[in-house]
Amino acid sequence: LFVVMGFVMVGAIMATDYVSQRYTDQPEVSALVVLGVATVLFVISHIIVQSFERVAQAARAQAEFIAIVSHQLRSPLTAIQWFIESLQADPKNCPPPFCENLSVIHEHSERMMKLVNELLEINRIEDGRFVLRLTPGSLLELTRQSIRDCAYVASQMQVRIELTAPAVIPQSLFDTSRMRWVVENL
């Protein structure tokens with residue numbers, strides 16, 4: 001950007017000098033015209049540079065905000081998961097209906113943790129550090145698992161999720177967590 005702006009400024013100054021020398025015989029007037037055009041171009045380039053600096057600063061602030069929020073959300077979610085796991089570990093503290101509800105809460109806290117991790121992934125994408133971990137897998141089985149994971153919430157909302165697919169789908173190569181995210185968002 002700076003190189004392009006430099007070439008534009010030099011070209012504009014040279015063109016202004018050529019035009020002013022052609023239409024006036026006084027070198028002082030020619031110099032003043034060139035000086036005026038150069039001043040205007042410097043002011044415009046300064047405004048452009050400041051705008052780019054503001055954009056870069058906003059991007060850094062956004063990345064920092066995402067990192068801080070992700071960390072602040074991870075700590076309480078981890079504590080919730082540990083507490084649930086400790087309650088589930090002792091059968092005396094966990095009668096069947098209560099334990100089922102704890103399992104649902106635990107699953108949802110894991111989903112929240114995944115969302116926090118996705119926020120961090122967005123940050124990595126913007127920084128150019130995004131990596132896909134491709135592994136062979138069954139898209140059909142992944143879809144069935146996603147439907148099972150959503151079954152409780154769907155039943156509470158009186159929604160029926162139905163999968164219509166061929167009996168056999170060939171193995172595919174994909175990033176399991178990204179593909180699960182895609183299927184869950186359908």
Side-chain angles (χ1 to χ4, degrees), residues 1-2 4 49 51-186:
L1 176 67
F2 295 112
V4 171
V49 168
S51 298
F52 276 106
E53 286 175 356
R54 285 189 202 120
V55 167
Q57 183 180 12
R60 284 190 302 271
Q62 177 189 7
E64 185 177 333
F65 174 76
I66 289 173
I68 290 170
V69 167
S70 298
H71 177 71
Q72 294 298 323
L73 287 173
R74 257 188 197 179
S75 298
L77 283 171
T78 302
I80 290 169
Q81 288 176 339
W82 287 345
F83 183 70
I84 291 170
E85 289 168 3
S86 68
L87 286 173
Q88 288 174 327
D90 188 3
K92 293 183 281 184
N93 292 336
C94 193
F98 182 69
C99 211
E100 289 172 15
N101 290 334
L102 281 178
S103 294
V104 171
I105 293 170
H106 190 264
E107 287 174 20
H108 286 285
S109 68
E110 285 179 345
R111 290 180 78 191
M112 281 291 287
M113 187 67 81
K114 286 179 185 175
L115 288 173
V116 169
N117 290 334
E118 287 171 7
L119 273 175
L120 290 172
E121 274 307 311
I122 291 170
N123 212 13
R124 286 186 197 107
I125 291 169
E126 290 175 349
D127 289 345
R129 298 180 291 130
F130 182 70
V131 177
L132 288 175
R133 292 166 190 84
L134 300 177
T135 56
S138 169
L139 187 57
L140 182 60
E141 186 53 41
L142 182 118
T143 305
R144 286 180 180 149
Q145 180 63 41
S146 294
I147 290 172
R148 282 192 295 269
D149 291 347
C150 297
Y152 178 77
V153 174
S155 69
Q156 294 297 314
M157 297 177 72
Q158 298 176 349
V159 173
R160 189 170 135 225
I161 301 173
E162 186 176 308
L163 173 64
T164 305
V168 178
I169 295 180
Q171 292 275 320
S172 302
L173 192 63
F174 52 84
D175 185 318
T176 306
S177 62
R178 304 288 175 272
M179 188 58 74
R180 181 179 305 276
W181 182 81
V182 168
V183 170
E184 287 176 354
N185 282 289
L186 290 176

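Basis for what follows: all heavy atoms, side chains included, without hydrogens, waters or symmetry-related copies.
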Legend entry - Side-chain touch Gln62/Ile66, heavy atoms, less than 4.5 angstrom: yes
Legend entry - Sequence neighbours excluded, every pair satisfying disulfide bond (SG atoms under 2.5 Å apart) that has a member inside residues 127-186: none
Inset, instruction - Would you check if His108 and Val153 make a side-chain contact, meaning some heavy-atom pair closer than 4.5 Å? - result: yes
Legend entry - Approximate separation, where rounding is to 0.5 Å, of Glu110 CD and Ile80 CD1: 12.0 Å
Inset, instruction - Return each pair, listed once, that meets salt bridge (Lys or Arg N to Asp or Glu O under 4.0 Å) where at least one residue sits in residues 60-76; pairs must be two or more places apart or across chains. - result: none
Inset, instruction - Assess the side chains of Ser103 and Asn101: does a donor N or O sit below 3.5 Å from an acceptor N or O? - result: no
Legend entry - Closest approach of Pro136 to Leu173 (non-hydrogen atoms, all atoms of both residues): N-CD1, 3.6 Å
Inset, instruction - Indicate yes or no: at least one non-hydrogen side-chain atom of Leu115 is less than 4.5 angstrom from one of Met112. - result: yes
Legend entry - Nearest heavy atoms of Ile161 and Ala154, plus distance in Å: CD1-CB, 3.8 Å
Legend entry - Value rounded to 0.5 Å, distance of NZ in Lys114 from CG in Asn117: 9.5 Å
Inset, instruction - Check disulfide (SG to SG under 2.5 Å) between Cys99 and all other residues, then give those that pass, not counting sequence neighbours. - result: Cys94
Inset, instruction - Looking only at non-hydrogen atoms, find the nearest pair between Leu73 and Val116 and report the distance. - result: CB-CG2, 3.7 Å
Inset, instruction - Would you check if Asp175 and Thr135 make a side-chain contact, meaning some heavy-atom pair closer than 4.5 Å? - result: no
Inset, instruction - Look only at the side chain of Ser75 and the backbone of Gln72, and say whether a donor-acceptor pair between them is shorter than 3.5 Å. - result: no
Inset, instruction - Report, as yes or no, whether the 6.0 Å neighbourhood of atom CD on Gln156 holds more than 12 heavy atoms from other residues, nucleotides or ligands. - result: yes
Inset, instruction - Show your reasoning for whether side chain to side chain donor-acceptor pair (under 3.5 Å) applies to His106 and Glu85. - result: CA-CA 8 Å; His106 190 264; Glu85 289 168 3; 2.9 Å; yes
Inset, instruction - Please round to the nearest 0.5 Å and tell me the distance separating atom CZ of Arg160 and atom OG of Ser155. - result: 13.5 Å
Legend entry - Point-to-point distance, once rounded to the nearest 0.5 Å, from CG of Leu134 to OG of Ser172: 11.5 Å
Inset, instruction - For side chain to side chain donor-acceptor pair (under 3.5 Å), just list the numbers for Gln171 and Ser138, CA-CA rounded to whole Å, side-chain angles, deciding distance to a tenth of an Å, and then say yes or no. - result: CA-CA 5 Å; Gln171 292 275 320; Ser138 169; 4.9 Å; no
Legend entry - Approximate separation, where rounding is to 0.5 Å, of Ile105 CD1 and Phe98 CZ: 7.5 Å
Legend entry - Euclidean distance, Phe65 CZ relative to Ser70 OG, rounded to 0.5 Å: 9.0 Å
Legend entry - Sub-4.5 Å side-chain heavy-atom contact between Leu140 and Leu163: yes
Inset, instruction - With sequence neighbours left out, write down each residue that passes salt bridge (charged side-chain N to carboxylate O under 4.0 Å, His left out) with Arg133, or none if nothing qualifies. - result: none
Legend entry - Criterion salt bridge (charged side-chain N to carboxylate O under 4.0 Å, His left out) against Arg148, the qualifying member of Glu107, Glu184, Glu141: Glu141
Inset, instruction - Using salt bridge (charged side-chain N to carboxylate O under 4.0 Å, His left out) as the criterion, list what pairs up with Glu118, not counting sequence neighbours. - result: none
Inset, instruction - Evaluate the side-chain proximity of Phe174 to Thr176: yes if any heavy-atom separation is below 4.5 Å, no if none is. - result: yes
Inset, instruction - Quick one: list whatever passes salt bridge (charged side-chain N to carboxylate O under 4.0 Å, His left out) with Asp149, sequence neighbours left out. - result: Arg180
